[in-house]
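Notes for the one structure printed next.
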Amino acid sequence: MSTWGERSDGGRSWSERLAELGIELPEVVAPLAAYVPAVRTGNLVYTAGQLPIVSGELTRTGKVGADVDPDDAKDLARLCGLNALAAVDALVGIDAVTRVVKVVGFVASAPGFGGQPGVVNGASELFGEVFGDAGAHARSAVGVSELPRNAPVEVEIVVEVG
């Protein structure tokens, strides 16, 4: 990983880093039930689980390892990660992030599919790309039988803010 998180680049902001990478954060996904997209307590922001939704529409459905190819699911996990960053940005501003603390990825898995870590790498690699060392995080990659709206993947994050 690079040293973006250490800000040894002359103090470049995360929003500048996103622009440099050509990444535009999406609109915050509207909650599907009785919750909010992100909550701050102290110096931590917790996001709700984020699905691979673009412009209000779920981009794929089905089980990974049957209906959805694992490589495609990895791309969907990246999209979930972008939606999580959008929720953080809307609450506190992306430049307030000091590090990614925890990532939890849920993968709707076909029987016998055990590649959940590779799928969730889509989100983890995004955070490393954007935040460098500050994107290194603890993580869980969990296989589940069903996700809301028959989504193939869901990601939630915890970030520390300054």
Student check: side-chain heavy atoms of V159 and V101 closer than 4.5 Å: no
Side-chain touch V97/D95, heavy atoms, less than 4.5 angstrom: no
I157 side chain reached by V155 side chain, heavy atoms, under 4.5 Å: yes
L79 and V54, any side-chain heavy atoms less than 4.5 Å apart: yes
Interatomic distance, W14 atom CH2 to L21 atom CG [nearest 0.5 angstrom]: 11.0 Å
Atom pair OG (S15) and CD (E24), whose distance is rounded to the nearest 0.5 Å: 12.5 Å
Salt-bridge contact R78-E129 (side-chain N to carboxylate O under 4.0 Å): yes
Straight-line distance of L44 CG to E160 CD, nearest 0.5 Å: 6.5 Å
Test salt bridge (charged side-chain N to carboxylate O under 4.0 Å, His left out) applied to R139 - qualifying residues, sequence neighbours left out: none
Heavy atoms of other groups near Y46 OH, more than 12 under 6.0 Å: no
P52 vs V153 side-chain heavy atoms within contact, under 4.5 Å: yes
Shortest non-hydrogen contact from V64 toward P70: CG1-CA, 4.0 Å
Side-chain heavy-atom pair R40, L91 within 4.5 angstrom cut-off: yes
Pair K63-S145, side-chain donor/acceptor within less than 3.5 Å: no
Nearest non-hydrogen partners of A86 and P26, listed with the distance: CB-O, 3.2 Å
Euclidean distance, S13 OG relative to E20 CD, rounded to 0.5 Å: 10.5 Å
Flag side-chain contact, heavy atom, 4.5 Å: C80 against E154: no
Flag if over 12 foreign heavy atoms under 6.0 Å of CD, E16: yes
Joint hydrophobic cluster, V119 plus V142, side-chain heavy atoms closer than 4.5 Å: no
CA sep, side-chain torsions, deciding dist, call: R99, F131, side-chain contact (heavy atoms from CB on, under 4.5 Å): CA-CA 7 Å; R99 78 165 296 118; F131 299 110; over 6 Å; no
Co-membership, hydrophobic cluster, residues V28 and V158, 4.5 Å side-chain: no
Pairwise side-chain contact, V161 with T98, heavy-atom cut-off 4.5 Å (strictly under): no
Contact summary for L126 and L82, nearest pair of heavy atoms: CD2-N, 3.6 Å
Stepwise side-chain contact (heavy atoms from CB on, under 4.5 Å) test for D72 and R60: CA-CA 9 Å; D72 292 340; R60 289 289 301 271; 3.6 Å; yes
same_hphob_cluster(Y35, I53) at 4.5 Å side-chain heavy-atom cutoff: yes
Which atom of G65 lies closest to which atom of F113, heavy atoms considered: CA-CD1, 3.9 Å
Electrostatic pair K102:E156 at N-O distance under 4.0 angstrom: no
Spacing of L85 atom CG and T47 atom OG1 [to the nearest 0.5 Å]: 9.0 Å
Residue pair A38 / V45: nearest heavy atoms and the distance that separates them: CB-CG1, 4.0 Å
Test applied, side chain to side chain contact (heavy atoms under 4.5 Å, CB included); reference residue, L58; option that passes from N150, V29, L51, L76: L51
Criterion side-chain contact (heavy atoms from CB on, under 4.5 Å) on L18 and I94, from CA distance to verdict: CA-CA 10 Å; L18 285 167; I94 198 71; 4.3 Å; yes
